[in-house]
Amino acid sequence: GFDKLTDTIYEGKKNGETVGYCVTVSANGFGGKIKMIVGLTPEDKIEGIEILEHSETPGLGAKSTSAEFENQFRGKNSALSVVKGKTDSEDEVSAITGATITSRAVANGVRAASDELKKALMPHRTAMRRSLSSIRKAPPSQRPILPPICRAAPSLPELPPHKWVRIVLKKIAGVRA
């Protein structure tokens, strides 16, 4: 199922467990804005990216929509860097030849998606830490039964997912759309 956490973040669940998030972001490429959706695991690993719209140069930056380029991001940490030529590190992706600006823009979009997700989840984590702290200080007889952490996040009834949410969430642990 899907829960819409914000206007740009969807949470993917399987059997009641969060398996990933889809975050839509825009980044400045060579030819203008690049709109993409980034699939992230709860551990901040990239499960996939999908370029939705762009104005990049045909034959150069437009290659950012190719599976070969997009697949480089899968399984990497969101704090990745773009290099020309072959990659030497796990958290590097190879720039598209002749389109380094576009490649860096996509990487910047991935980092922005991760940052946006962290900001969206932070109030809930802080609230839970405060709640847990105050509960631990209370005498055992006055400690309430804790609700599941998912009740701390805004939860909406299942929404009919957009096509791009289905595409990315299918890549994340086989969530059925």
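Computed from heavy atoms alone, side chains included, the values below leave out hydrogens, waters and symmetry copies. Heads up: numbering here begins at 1 and tracks the sequence.
- In plain terms, the two heavy atoms of A105 and G29 that are nearest each other are CB-CA, 3.7 Å.
- Judged by distance alone, the side chain of N15 and the main-chain N or O of E17 form no donor-acceptor pair under 3.5 Å.
- Salt bridge present: R74 and E47 bring a charged side-chain N and a carboxylate O closer than 4.0 Å.
- Pairs engaging residues 79-100 under the ring pair (Phe, Tyr, Trp, His ring centres under 6.0 Å) rule: none recorded [sequence neighbours left out].
- Atoms OG and CZ, on S81 and R104 in that order, are 9.5 Å from each other to the nearest 0.5 Å.
- Between V23 and Y10, every side-chain heavy-atom pair lies at or beyond the 4.5 Å cut-off.
- Checking side-chain atoms of E92 against main-chain N and O of D88 turns up a donor-acceptor pair under 3.5 Å.
- The side-chain heavy atoms of T102 and L60, taken from C-beta on, include no pair separated by under 4.5 Å.
- Applying the ring pair (Phe, Tyr, Trp, His ring centres under 6.0 Å) test to every pair with at least one member in residues 55-89, sequence neighbours left out, gives these pairs: F69-F73.
- Every side chain to side chain donor-acceptor pair (under 3.5 Å) that T18 has, sequence neighbours left out, goes to E11.
- Within the 4.5 Å cutoff, the side chain of V25 has heavy atoms near those of the E116 side chain.
- Side-chain contact between I46 and L80 is present, with at least one heavy-atom pair separated by less than 4.5 Å.
- Put simply, OG1 on T24 and CD on E53 are 10.5 Å apart, with the number rounded to the nearest 0.5 Å.
- In this structure, NZ on K76 lies 7.0 Å from CD on E90, to the nearest 0.5 angstrom.
- Residue A62 comes nearest to P58 through the heavy atom pair CB-CA, 3.9 Å, listed as atom of the first residue, atom of the second, then distance.
- Residues satisfying the ring pair (Phe, Tyr, Trp, His ring centres under 6.0 Å) criterion with F30, sequence neighbours excluded, are absent altogether.
- V110 approaches M36 most closely through the heavy-atom pair N-SD, 4.4 Å.
- In terms of modelled atom types and a separation under 3.5 Å, the side chain of N77 and the main chain of D91 share no donor-acceptor contact.
- Heavy-atom minimum distance, S64 versus V106: CB-CG2, 4.3 Å.
- For the pair E56 (side chain) and G31 (backbone), a donor-acceptor distance under 3.5 Å is present.
- Partners of S103 under the side chain to side chain donor-acceptor pair (under 3.5 Å) rule, at least two apart in sequence or in another chain, do not exist in this structure.
- A side-chain donor-acceptor contact under 3.5 Å links S94 to the backbone of G85.
- Of all heavy-atom pairs spanning S26 and K33, the tightest one is CB-CD, 4.1 Å.
- Expressed to the nearest 0.5 Å, how far OG1 of T65 lies from CD1 of I96 amounts to 8.0 Å.
- Side-chain contact check for E70 versus S66: every heavy-atom pair is 4.5 Å or farther apart.
- For N108, the side chain to side chain donor-acceptor pair (under 3.5 Å) test picks out R111, with sequence neighbours left out.
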- Show your reasoning for whether side chain to side chain contact (heavy atoms under 4.5 Å, CB included) applies to L52 and I34. CA-CA 8 Å; L52 304 173; I34 299 173; over 6 Å; no
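- A donor-acceptor pair is defined here as one N or O able to donate and one able to accept, closer than 3.5 Å; no such pair exists between the side chain of K45 and the backbone of L40.
- Contact of the I37 side chain with the I49 side chain is not registered, since no non-hydrogen atoms from C-beta on lie closer than 4.5 Å.
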- Evaluate side chain to side chain contact (heavy atoms under 4.5 Å, CB included) for Y21 paired with L121, printing each intermediate quantity in order. CA-CA 11 Å; Y21 301 92; L121 296 178; 3.9 Å; yes
